[in-house]
Protein chains: 2
Amino acid sequence: MHVKHYYIVYNLLNTALRFTMSIFHENAVTASDKAFFRLRKEIVEGEIPASAKLSETELSTKYEVSRAVVREAINRLESCNLVERKPNVGARVVALSPEGLIELYQVRESLEGMAARLAATNMSDDEVAELKMLLNSQSENIKTTERYYQEAGDLDFHYRIILGSKNNHLINMLVNGLYHLVRMYRVQLGMAGPRVSTAFDEHKHIVQAISNRDPELAEMLMRRHIMYSKNNIEAKLQQ
Amino acid sequence: MHVKHYYIVYNLLNTALRFTMSIFHENAVTASDKAFFRLRKEIVEGEIPASAKLSETELSTKYEVSRAVVREAINRLESCNLVERKPNVGARVVALSPEGLIELYQVRESLEGMAARLAATNMSDDEVAELKMLLNSQSENIKTTERYYQEAGDLDFHYRIILGSKNNHLINMLVNGLYHLVRMYRVQLGMAGPRVSTAFDEHKHIVQAISNRDPELAEMLMRRHIMYSKNNIEAKLQQ
DNA sequence: AACGACAAGATTGTCGACAATATTCAAATA
DNA sequence: TATTTGAATATTGTCGACAATCTTGTCGTT
């Protein structure tokens, strides 16, 4: 009992920021890993702009590694939907478009809805408790803290539910496949939005549904939540 | 008008078999492409058994190409969820497990449900007409033709709806990411099922919903359809 | 006999060079 | 002047060799 409680408290000490950092700072064992992480970071954060050409030789001199590791990094970026590659021509960073964003959010709605549904069944009581406490800690900081932390908190929330689904395909698709692209859109199109307080209420209701072990409701609320985000972003794009 | 009609008839001449072949026989421009397609085929059809180790040197001698192209092929297989790779250790063909199959079908339910929803909005009238005619041609052959064609027909049906969603993320995830794994399970676990006639009725209802431009219903019916398939398979696994 | 350290072998990771393909740009032709 | 041909250049694709890491099996110690 003591141990369990300590565990929960300890986890809460991993604030949203630290947690979010850990998501993206996987441990790189090989040189291709490092190149992959670095390149991904530079693409997501816009240091290498959207639609830019990725020259293998150029990158290999810049990163001081051989072309082979750059090639492998680019290949991995391609499976993350962050770059597009044409045979005998080369690779480009993906172009960001309103249509692409819509498509991305449609897939998110589908997959994260299913994640919430599965999480309602598969999350342990401890994980649900941690999720609740995360929300509590966020509600206290919601006025004082700056926007970046709110962003991180949002990612944290979604990330935990995705992991809570316990479905490896789902987890892989979302974490490795879509979320970096989502982040790229957010960073580069300046999507931080207000919508924090309303989104926070939506988060609370989703957690409540998961806590009640109500898969149908959890899915529906998550889908709505993402749909609202999408609509919010669409509205901003048309300004 | 003439042209349009001719086009539809012509498409119908591409029977389920030919259509399905075309799905998997993409044109390979580079050597890595060929190695990738060949390796994928051998894995899906069980020539290289599940959970088998993939030795780069061994495959490079077998295919008579350099290790680099085998490496790239294996990397691509990894993003298709057909092999798993560990740094400095090597790659193995994925293991087939009942749990893995369940997870796969959960993701399919989510994504193909969304595909049906989007198809109800985004498919052209012509595409809907072709889909209807495809079903008609299948209903005539359903008793006479052998099982393989029914399998192909099923793939064909789902494939058209996926394409009809017009959502590139969705299409890519399903066609390049999940369907070969689905096929691998079907081939290797001998999932062909009867369930043809009932499944066929479900197909008809889904097409009807799409034809009525009813996204909600189309999604719900597609999800149920896949859920039934999953249940059917689960039942067989426990025999 | 069980366990751990160490060496030998095998496999993957990385590199630089060469081959094949695409792009660019200048010259020739209509 | 516009268009096409063709050579020159640059980029990607493929290869074989070497380096780094893991695996295997033997030996020695407890």
Side-chain angles (χ1 to χ4, degrees), chain A residues 25-43 47-95 172 176, chain B residues 25-43 47-95 172 176:
Chain A
H25 195 330
E26 300 105 314
N27 47 334
V29 6
T30 175
S32 297
D33 290 340
K34 284 186 220 121
F36 170 63
F37 292 138
R38 180 171 172 189
L39 195 49
R40 186 178 65 186
K41 179 178 160 65
E42 294 186 359
I43 289 174
E47 196 169 332
I48 299 176
S51 303
K53 177 114 199 302
L54 292 177
S55 164
E56 294 180 359
T57 53
E58 190 181 323
L59 287 171
S60 75
T61 58
K62 179 180 169 188
Y63 290 179
E64 292 176 316
V65 289
S66 94
R67 257 187 63 218
V69 327
V70 172
R71 259 183 91 78
E72 188 160 331
I74 290 179
N75 278 333
R76 284 210 253 167
L77 264 310
E78 193 188 9
S79 18
C80 296
N81 304 110
L82 288 177
V83 319
E84 286 170 352
R85 158 169 263 181
K86 284 181 187 173
N88 286 314
V89 173
R92 307 190 82 88
V93 179
V94 291
N172 182 53
N176 296 323
Chain B
H25 197 328
E26 298 104 317
N27 48 334
V29 5
T30 174
S32 298
D33 290 341
K34 285 185 219 121
F36 170 64
F37 293 138
R38 180 170 172 189
L39 194 48
R40 186 177 65 185
K41 179 177 159 66
E42 294 186 359
I43 288 174
E47 194 169 331
I48 299 177
S51 305
K53 176 110 199 305
L54 293 177
S55 163
E56 294 181 359
T57 54
E58 190 182 320
L59 286 171
S60 76
T61 58
K62 180 179 170 190
Y63 290 180
E64 293 175 317
V65 290
S66 94
R67 257 187 64 218
V69 326
V70 172
R71 258 182 92 78
E72 188 160 330
I74 290 180
N75 278 332
R76 284 210 253 166
L77 264 310
E78 193 188 9
S79 19
C80 298
N81 305 304
L82 288 177
V83 319
E84 286 170 351
R85 158 167 261 179
K86 285 181 186 173
N88 285 314
V89 174
R92 307 191 82 88
V93 179
V94 292
N172 182 52
N176 295 323

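Reminder, nothing fancy here: chain letters follow the sequence lines and each chain counts from 1.
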query = So does B/E56 pair up with B/R85, basic N to acidic O under 4.0 Å?
reply = yes

key: Carboxylate-amine/guanidinium proximity below 4.0 Å for B/K53 and B/E58   = no

Rounded to the nearest Å, what distance is computed from the [atom1] atom of residue [X] to the [atom2] atom of nucleotide [N]?
{"X": "A/K86", "N": "C/dT23", "atom1": "NZ", "atom2": "P", "result": "9 Å"}
{"X": "B/E56", "N": "C/dT14", "atom1": "CD", "atom2": "C1'", "result": "12 Å"}
{"X": "B/K34", "N": "D/dG13", "atom1": "NZ", "atom2": "P", "result": "13 Å"}
{"X": "B/R85", "N": "C/dT11", "atom1": "CZ", "atom2": "P", "result": "15 Å"}
{"X": "A/N88", "N": "D/dG13", "atom1": "CG", "atom2": "C1'", "result": "7 Å"}
{"X": "B/R67", "N": "C/dT12", "atom1": "CZ", "atom2": "P", "result": "7 Å"}
{"X": "A/K53", "N": "C/dA22", "atom1": "NZ", "atom2": "P", "result": "13 Å"}
{"X": "B/E72", "N": "C/dT14", "atom1": "CD", "atom2": "P", "result": "15 Å"}

**Prompt:** Has B/T30 got a side-chain N or O lying under 4.0 Å from the OP1 or OP2 atom of D/dT14?
**Reply:** yes

B/S66 side chain near D/dT14 phosphate (N/O to OP1/OP2, under 4.0 Å): no

CZ (A/F36) and CZ (A/R40) are apart, to the nearest 0.5 Å, by 4.5 Å

Separation between CZ (B/R92) and NZ (B/K86), nearest 0.5 Å, reads 8.5 Å

Nucleotide nearest [X] when distance is taken to its side chain, options [options]:
{"X": "B/V89", "options": "C/dA22, D/dC22, D/dT14", "answer": "D/dC22"}
{"X": "A/V69", "options": "C/dC15, D/dT12, D/dC15", "answer": "C/dC15"}
{"X": "A/A31", "options": "C/dT14, D/dT14, D/dC22", "answer": "C/dT14"}
{"X": "A/S32", "options": "D/dC15, C/dT14, D/dG13", "answer": "C/dT14"}
{"X": "A/V65", "options": "C/dT12, C/dC15, D/dT23", "answer": "C/dC15"}
{"X": "A/S55", "options": "D/dC15, D/dT12, C/dG13", "answer": "D/dT12"}

Assign B/L54 to base, sugar-phosphate, or nothing according to its heavy-atom contacts below 4.0 angstrom with the strands shown.
sugar-phosphate

Exactly one candidate in B/I74, B/V70, B/N75, B/V69 meets side chain to side chain contact (heavy atoms under 4.5 Å, CB included) with B/S32; the answer is B/V69

The answer to which of A/P87 and B/R71 contacts DNA chain C further toward the 5' end, by nearest nucleotide, is B/R71

